[in-house]
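A short write-up of the structure that comes next.
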Amino acid sequence: MDQKKRKGASGTPSSKRSRLTEDDDDPSSFEAELALMNEFDAEMKMEFDSQEMDAGPENETTSSKWSRPPVGPIDPSKDTLAFQQLDVDFYVGKHLAGMPGATVGPVPIIRMYGITMDGHSLLAHIHGFTPYFFVPAQPGFKAEHCGVFKDALNAVVMKDLRSNREGINTAVLAVSMVVKESIYGYHGNRKIPFLKITVSLPRLIAPSKRLLEGGFICPGYSQYGFLTYESNIDFEIRFMVDCEVVGCSWIETPAGKYKLRDNISKQGNDHFSPQSRCQIELDISWEDFVAHQPEGEWSKVAPFRILSFDIECAGRKGIFPEADKDPVIQIANMVIQQGDRDPFIRNVFTLKECASVIGSQVLSFEKESELLKKWSSFCREVDPDIITGYNIQNFDIPYILNRASHLKVNNFAFLGRIRDKISVIKDSVFQSKQMGKRENKVINMEGRVQLDLLQILLRDYKLRSYTLNAVSFHFLQEQKEDVQHSIITDLQNGNPQTRRRLAVYCLKDAILPLRLLDKLMCVINYMEMARVTGVPLTYLLSRGQQIKVVSQLLRKAKEQDLLMPSQKIETGDEYEGATVIEPEKGYYNIPIATLDFSSLYPSIMMAHNLCYTSLLNQHTIQKENLTPDQYIKTPSGNYFVKSSIRKGLLPEILEHLLSARKKAKFDLKNETDPFKKKVLDGRQLALKISANSVYGFTGAQVGKLPCLEISQSVTAFGRMMIEQTKNHVEERYNIANGYKHNAKVIYGDTDSVMCRFGTETVEESMELGKEAAEFISTNIIATPGRLMHILVEMNLKLKSVEYAVFDEADRYGS
DNA sequence: ACGCAGCCCTAA
DNA sequence: TTAGTTAGGGCTGCGT
């Protein structure tokens with residue numbers, strides 16, 4: 001096992017078995033592949049050269065190949081720019097003339113980083129969007145009191161500021177009366193007045209909220225503890241929701257609506273000079289850009305650049321490398337354009353001379369600091385959109401940053417796209433029930449997405465071992481080059497040939513993550529997940545599950561003037577989960593059919609209109625004079641209004657997700673282009689996962705908006721469905737009804753049952769299984785004691801028929 | 001030897 | 001400042 005990876009990767013060291021297979025593998029095969037890539041490049045280049053005028057002989061040591069294609073002239077008055085945004089963040093800056101929003105004091109400015117279809121990097125500064133939140137208006141509050149309220153709140157918030165180095169002029173910019181409704185609980189479809197409070201900076205929301213909750217006194221009104229609404233929404237999410245921007249979507253800046261930043265025209269005015277290393281940088285008002293939904297033409301994917309790299313250090317024997325002691329001796333890099341088969345940049349930076357490697361550029365340095373300095377400028381020149389590697393987040397990037405700072409390499413840490421922003425390492429502890437305690441390092445790199453393959457595998461795949469070698473073998477049937485970590489230092493201290501061996505090893509470690517990324521379709525899948533759920537790509541990598549549902553909920557809520565409360569709802573007790581039918585142990589030498597519900601929990605939520613907005617209590621039932629046909633009582637004893645009274649948001653979200661999934665699957669069938677197929681498959685997967693996570697969100701007791709009434713109703717309905725499926729199967733498929741055998745449900749869990757129909761052959765069981773699934777799908781009893789026709793498909797399907805063994809035999813051995 | 005509680009892991 | 005759920009099996013350690 002590679003020593004430097006040990007920290008992040010858990011699991012056992014490579015077994016004897018993998019050593020054997022390694023020996024089977026021809027050690028030179030990777031070199032042959034590299035060489036082949038070189039030949040392929042040469043062919044392409046010849047084609048290119050014969051068409052275009054040659055720019056002179058390619059010099060292997062120049063960096064001309066590294067840069068992005070040059071940008072032609074852009075006329076902002078005539079040219080509309082389109083780009084796929086990859087990341088969204090914001091900064092606090094100064095007002096720009098002509099833009100909406102506050103004109104004095106610091107203002108928040110949104111940044112969108114993206115790539116055009118021509119592969120040019122772009123940064124858009126989006127001006128004028130302001131943060132806000134809501135509180136319910138006090139009884140009798142009139143619109144004309146808004147001014148007084150605003151001034152009074154502004155005064156207390158300003159007074160609360162400890163320091164005001166940014167020179168905040170006004171904290172509360174505006175207060176206006178709006179008519180809204182809380183998302184939580186059904187209250188007669190009546191909208192009530194709320195105050196929309198607009199503040200000048202996102203970070204002022206928290207103190208404003210605190211002061212309002214603590215009992216703010218508006219002149220003319222009594223003291224009042226305000227509950228706040230939507231005061232805990234990330235500014236980026238707020239912006240994206242309001243502007244209908246989803247993650248990784250396409251954005252257009254129409255001709256005449258934006259201003260370009262360049263070095264020449266506006267020198268001396270620091271407002272207009274570029275802030276980033278992007279090729280195109282522009283300013284636009286938040287009201288002027290066009291956000292495309294990722295459909296049709298706009299579901300395309302821009303030609304991203306993905307940089308994969310791997311470093312080697314000369315560690316001391318048996319000691320984990322330390323950045324202040326052990327030098328970085330090699331860095332291998334692979335840069336691929338999204339969609340291409342092979343990386344178009346392949347190089348390795350080596351300390352001391354290294355013999356050439358066909359198919360790869362070799363850059364040798366006598367001094368380690370030179371190596372690092374050159375790598376840093378290489379990174380800026382390549383300008384990758386996505387940086388990947390294996391355990392780069394917790395090892396490679398922190399190591400080179402620490403090493404460069406130890407060696408005092410100037411300007412090394414400028415790895416992001418913002419010119420004057422250096423990348424720093426922060427420690428973070430991320431804790432969730434799903435992922436457990438996880439200590440991670442976080443490195444800021446504005447405008448570039450760090451897609452650490454190890455992190456993705458830990459997140460999405462359950463594997464026995466997470467070493468790069470094991471993972472590569474598992475997914476690619478391919479392995480690392482055979483170099484024991486213990487001899488790395490010896491190879492470095494040898495000669496150009498031994499360092500060459502190390503270089504080949506390092507190159508392989510750089511290309512494997514790219515191959516895994518491609519094989520597992522990570523980029524496309526994550527991109528589609530960002531589009532479906534509406535959050536930036538980086539959120540999917542750094543945040544939990546909840547933010548995805550919040551984003552979708554906010555979008556739907558906005559359509560109906562609904563507001564999400566920010567206050568933590570008091571969490572009740574635990575609730576009852578899924579049912580498990582006690583297995584009937586035994587040896588079955590006849591076929592067992594497995595029937596399972598597809599998307600059971602989402603279907604239940606849709607079928608019974610379970611949502612925050614439809615949740616009832618006895619008080620409301622009486623107050624609104626609801627008749628029993630207008631609401632339901634769930635098996636867990638909770639009440640919800642039917643969709644005829646008020647259609648729930650969650651059911652709407654789920655319908656959208658599942659119908660979009662059906663469409664994606666349909667399109668997938670008809671699509672012939674393999675790349676578009678991948679995109680569609682990624683989408684349908686993202687849609688399925690998203691639909692299933694909605695239930696979890698309502699049950700998250702430490703969450704943004706838990707609702708145990710919903711989650712316990714869902715599981716209660718689920719238990720009922722399983723029970724009834726069992727009963728239906730057993731009541732229908734028996735000798736009394738003319739079947740050859742008595743069917744028996746031998747096991748069931750959450751959304752599936754296993755049936756023994758008693759037939760000898762698989763075919764017969766298949767037949768009966770299919771029939772039973774269809775029968776029950778159309779005839780399920782869904783409410784206690786009442787036959788209910790369900791509009792939502794409760795899709796019970798025959799999953800498999802096989803010989804199943806339920807026995808304790810294996811525990812005792814055979 | 002056995003029952004029980006607590007922890008960790010997996011399935012759904 | 002940030003986190004999807006519950007059920008259930010296997011294992012360990014403790015007390016009787």
Side-chain angles (χ1 to χ4, degrees), chain A residues 10-11 202-203 205-207 209-210 231-235 237 426-440 442 458-464 529 533 535 539-553 566 568 571-583 585 594-605 610 636 650 653 688-719 721-722 725 747-754 799-800 804 806-808 810-812:
Chain A
S10 60
R203 65 174 184 81
I205 289 185
K209 173 192 173 180
R210 194 184 70 239
S231 58
N232 57 353
I233 312 294
D234 295 305
F235 189 54
I237 295 289
K426 269 199 281 184
D427 286 297
S428 84
V429 274
F430 183 88
Q431 190 170 254
S432 82
K433 289 209 171 142
Q434 188 180 49
M435 321 260 297
K437 269 193 290 285
R438 195 149 286 170
E439 284 179 43
N440 272 322
V442 178
L458 288 171
R459 216 170 230 263
D460 298 346
Y461 297 88
K462 196 91 212 152
L463 301 174
R464 216 166 50 83
M529 181 58 93
T533 58
V535 303
Y539 275 47
L540 298 175
L541 304 163
S542 62
R543 308 278 292 265
Q545 303 291 323
Q546 296 208 35
I547 187 66
K548 297 192 277 186
V549 184
V550 169
S551 161
Q552 294 171 82
L553 209 49
S566 317
K568 289 240 164 84
T571 74
D573 295 321
E574 290 182 346
Y575 61 94
E576 208 178 334
T579 192
V580 176
I581 297 172
E582 184 60 28
K585 290 171 194 164
T594 304
L595 305 177
D596 70 6
F597 288 100
S598 44
S599 312
L600 179 64
Y601 285 4
S603 301
I604 288 171
M605 294 174 87
L610 306 182
S636 55
L650 295 178
I653 290 171
K688 180 190 171 170
I689 296 168
S690 302
N692 286 332
S693 65
V694 172
Y695 153 76
F697 178 76
T698 66
Q701 283 165 51
V702 194
K704 279 201 156 61
L705 203 59
C707 184
L708 263 49
E709 289 89 343
I710 296 175
S711 41
Q712 70 187 4
S713 295
V714 171
T715 53
F717 272 121
R719 286 194 301 277
M721 305 279 286
I722 288 296
T725 302
Y747 179 65
D749 187 351
T750 311
D751 63 359
S752 62
V753 290
M754 296 174 93
K799 185 183 168 192
S800 65
F806 278 41
D807 204 348
E808 290 183 304
D810 56 340
R811 209 190 295 166
Y812 302 113

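Chain letters run A, B, ... following the sequence lines, proteins first, then strands; residues in each count from 1.
- One can place CG of A:Leu600 at 14 Å from P of B:dA12, the figure rounded to the nearest angstrom.
- Comparing C:dA3, C:dT5, B:dA12 by their nearest atom to the side chain of A:Thr750 picks out B:dA12.
- Take the nearest nucleotide of DNA chain C for A:Gly544 and for A:Thr715: the residue whose nucleotide is more 5' is A:Gly544.
- The backbone N or O of A:Ile547 lies less than 3.5 Å from no partner atom in the side chain of A:Ser551, so there is not a single donor-acceptor pair.
- Take the nearest nucleotide of DNA chain C for A:Ala206 and for A:Gly699: the residue whose nucleotide is more 5' is A:Ala206.
- Put simply, CG on A:Asn232 is 10 Å from P on C:dT1, counting in whole angstrom units.
- Listed by first residue number, the stems of DNA chain C with at least three Watson-Crick or G-U pairs below 3.5 Å are B:1-12 with C:5-16.
- Regarding A:Asp460, its CG atom lies at a distance of 14 Å from the P atom of C:dG4, rounded to whole Å.
- A:Gly696 comes within contact range of at least one nucleobase, with a heavy-atom separation under 4.0 Å.
- Counting only distance, with no hydrogens or angles, the side chain of A:Thr750 and the backbone of A:Ala578 share no donor-acceptor pair below 3.5 Å.
- With rounding to whole Å, A:Tyr601 atom OH is found 11 Å from C:dT6 atom P.
- A salt bridge is absent between A:Lys799 and A:Asp751: the closest approach of a Lys/Arg side-chain nitrogen to an acidic carboxylate oxygen does not fall below 4.0 angstrom.
- As rounded to whole Å, 14 Å separates atom P of B:dA11 from atom CE of A:Met754.
- The separation between A:Asn692 atom CG and C:dT6 atom C1' is 15 Å, rounded to whole Å.
- For A:Asp596, there are no side chain to side chain donor-acceptor pair (under 3.5 Å) partners two or more places apart in sequence or in a different chain.
- Checked by atom type, the side-chain pair A:Ser713/A:Ser636 shows a donor-acceptor distance below 3.5 Å.
- In the set C:dA3, C:dA7, B:dA12, the nucleotide with an atom closest to the side chain of A:Glu576 is C:dA7.
- Side-chain atoms of A:Gln546 come within 3.5 Å of backbone N or O of A:Lys704 as a donor-acceptor pair.
- No donor-acceptor pair closer than 3.5 Å links the side chain of A:Ser752 to the backbone N or O of A:Gly748.
- Taking atom CG on A:Asp749 and atom C1' on C:dT5, their separation rounds to 13 Å, with Å as the unit.
- Distances were taken from every side-chain heavy atom of A:Ala700 (C-beta onward) to each of B:dA12, C:dA7, C:dG4; the shortest belongs to C:dG4.
- Put simply, CG on A:Leu540 is 13 Å from P on C:dG4, counting in whole angstrom units.
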